[in-house]
There are 2 protein chains.
Amino acid sequence: MDRYDERREQLAESALKTLGELGYARTSLRDIATNSPFSHGVLHYYFDDKLDLIDYCIRYYKAKCVTRYDAVIADSTGPDELREAFAAKLVETIVEEGPMHRLWYDIRAQSMFEHRLRPAVTYVDQTLEDMVWRVIDRYAELSSATPALSPAAAYGMLDGLFHAALLGEALGEDDALPTLVDQVHGLLPLTIEGGTP
Amino acid sequence: MDRYDERREQLAESALKTLGELGYARTSLRDIATNSPFSHGVLHYYFDDKLDLIDYCIRYYKAKCVTRYDAVIADSTGPDELREAFAAKLVETIVEEGPMHRLWYDIRAQSMFEHRLRPAVTYVDQTLEDMVWRVIDRYAELSSATPALSPAAAYGMLDGLFHAALLGEALGEDDALPTLVDQVHGLLPLTIEGGTP
DNA sequence: AATAGTGCTTGACGGTTGTCAAGTTCCCGC
DNA sequence: GCGGGAACTTGACAACCGTCAAGCACTATT
């Protein structure tokens with residue numbers, strides 16, 4: 001990777017930090033530059049415009065989190081262990097990377113109004129669906145069963161629970177995270193069928 | 001209702017129309033006023049500031065859609081009929097009120113960054129959960145069974161599927177709506193247990 | 001060491017934003 | 001019909017936005 005790409009990543013890092021705190025609507029290019037070692041003019045040196053920067057940020061964000069559960073998949077030796085570890089990891093990432101997830105749901109909502117965001121959102125959403133499916137597939141395998149729903153359905157339901165927990169956590173519901181654990185524990189068995197009795 | 005409240009509702013109507021088209025981030029008070037019979041100054045005559053207006057809009061939005069599925073609940077005489085009618089109604093509202101739903105998910109995401117939106121979002125979210133739970137509860141009753149998950153879990157999963165379908169529809173996936181129907185058909189039986197064999 | 005070119009800063013631009021004060025029009029009670 | 005307050009318009013404000021041109025600093029090559 002050459003120097004040019006390094007700087008783009010560095011700026012994307014600063015941008016993600018700022019966007020994660022303020023959200024898309026209230027983050028200006030000057031805010032991003034303030035949270036970086038550079039001045040505001042440099043952003044137009046490395047990116048065409050604001051949306052080009054955000055497009056890059058979205059894809060960069062994905063690269064950092066798409067393998068988040070792969071260790072859980074690889075290390076778990078039984079269905080219940082996988083279920084526990086997966087639920088714990090979901091909670092962990094809300095606690096440790098909350099702003100990043102908030103930003104993701106923000107950007108995804110923006111993509112319904114801002115057409116230029118759509119390709120990146122579609123791309124990342126698909127990789128997240130794949131990531132979830134690897135968990136479900138492994139869970140079925142460890143249960144000696146087969147998945148009972150489509151990847152899209154599994155991702156949609158799990159994402160709904162995750163999104164609700166993130167929202168609850170942001171809105172100050174103090175039982176949002178334990179509730180998520182319970183919900184995931186309840187949901188995973190529903191995603192498979194034909195397991196060994 | 002006095003004249004003052006009538007005008008507030010009228011302005012909220014114009015605001016929702018504009019916000020539904022442009023989204024929160026790109027809608028200005030002047031845009032809203034342009035889509036109304038009044039000038040931009042009148043908004044500060046009826047609302048304290050922009051967030052006060054949006055707070056009012058969110059609650060007003062809820063009042064219009066919270067009973068959307070009650071007719072389905074009342075008219076259905078069997079579990080499969082309810083399931084069909086509910087899924088059809090979900091699709092119908094995406095088609096006919098798409099912008100309003102897009103706005104809702106946008107505002108809900110904004111509430112994670114803008115504290116002043118939180119009370120209204122929390123309030124509406126709860127009424128939506130109640131609305132979904134009335135469907136699930138009736139579905140269990142018609143199935144001679146009992147619900148197998150909490151209202152929050154049922155709402156979270158269903159909302160995840162609905163959100164994904166709305167997003168898919170906005171992003172141009174032409175099978176988003178039929179897929180939603182299939183997913184809802186698959187999900188509802190999972191929400192109950194102990195039905196008559 | 002002179003120079004060319006990359007990397008970065010600075011400052012300015014036109015436009016838009018929320019907000020509000022001042023002024024105008026309209027309507028209702030007397 | 002006349003006065004007064006409510007309803008609404010207009011215009012202006014300070015601040016902020018994305019963008020970009022101009023210039024400075026630094027580095028590497030010759």
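Naming: A, B, ... by sequence-line order, numbering from 1 per chain. Bear in mind the structure is a predicted one, so any value in this text is a computation, not a measurement.
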Pair up each side-chain donor or acceptor in residues 45-60 of chain B with any protein partner under 3.5 Å, not counting sequence neighbours, and list the distances.
| unit_1 | atom_1 | unit_2 | atom_2 | d |
| --- | --- | --- | --- | --- |
| B:Asp49 | OD1 | B:Leu51 | N | 3.4 |
| B:Asp49 | OD1 | B:Asp52 | N | 3.0 |
| B:Asp49 | OD1 | B:Arg116 | NH2 | 3.2 |
| B:Asp49 | OD2 | B:Arg116 | NH1 | 2.9 |
| B:Lys50 | NZ | B:Thr27 | O | 3.1 |
| B:Asp52 | OD2 | B:Asp48 | N | 2.9 |
| B:Asp55 | OD1 | B:Arg59 | NE | 2.9 |
| B:Tyr60 | OH | B:Glu13 | OE1 | 2.7 |

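- One atom, CG of A:Leu51, and another, P of D:dG18, lie 10 Å apart when rounded to the nearest Å.
- Under 4.0 angstrom from either OP1 or OP2 of C:dT17 there lies at least one side-chain N or O belonging to B:Ser28.
- Toward the 5' end of DNA chain C, the nearer of the two residues B:Arg26 and A:Tyr4, judged by each one's closest nucleotide, is A:Tyr4.
- Nearest nucleotide to the A:Phe38 side chain, out of C:dT9, D:dA7, C:dG7: C:dT9.
- Spacing between atom CZ of A:Arg30 and atom P of C:dG11 amounts to 12 Å, rounded to whole angstrom units.
- Checked against D:dC17, C:dT19, C:dT9, the side chain of A:Asp31 finds its nearest nucleotide in D:dC17.
- Rounding to whole angstrom units, CG of residue B:Leu43 and C1' of C:dG18 are separated by 11 Å.
- In terms of hydrophobic clustering, with Ile, Leu, Val, Met, Phe, Trp and Tyr side chains grouped at heavy-atom distances under 4.5 Å, A:Val72 and A:Leu158 are assigned to a common cluster.
- Checking B:His40 against A:Lys50, the closest nucleotide of DNA chain D that is more toward the 5' end is the one next to B:His40.
- One finds a salt bridge joining A:Glu92 and A:Lys89 here, because a Lys/Arg side-chain nitrogen approaches an Asp/Glu carboxylate oxygen to under 4.0 Å.
- Rounded to an integer number of Å, the gap from CG of B:Asp2 to C1' of C:dC28 is 16 Å.
- Looking at B:Asp125 and B:Tyr155, their side chains do bring a donor and an acceptor atom within 3.5 Å of each other.
- Relative orientation of the B:Tyr61 and B:Trp104 rings is parallel, given thresholds of 30° and 60° on the angle between their planes.
- Heavy atoms of A:Tyr46 sit under 4.0 angstrom from primed sugar atoms or phosphate atoms, though from no base atom.
- Nucleotide D:dA6 holds its C1' atom 16 Å from the CZ atom of B:Arg8, rounded to whole Å.
- In this structure, the NE2 atom of B:His44 is 15 Å from the P atom of D:dT9, given to the nearest Å.
- Atom pair B:Tyr45:OH and C:dA21:C1' shows a separation of 14 Å (rounding to whole Å applied).
- Comparing C:dT19, D:dC17, C:dT9 against the side chain of B:Leu29 picks out C:dT19 as the nearest.
- Rounded to whole Å, the distance from CZ on A:Phe47 to C1' on D:dG18 is 15 Å.
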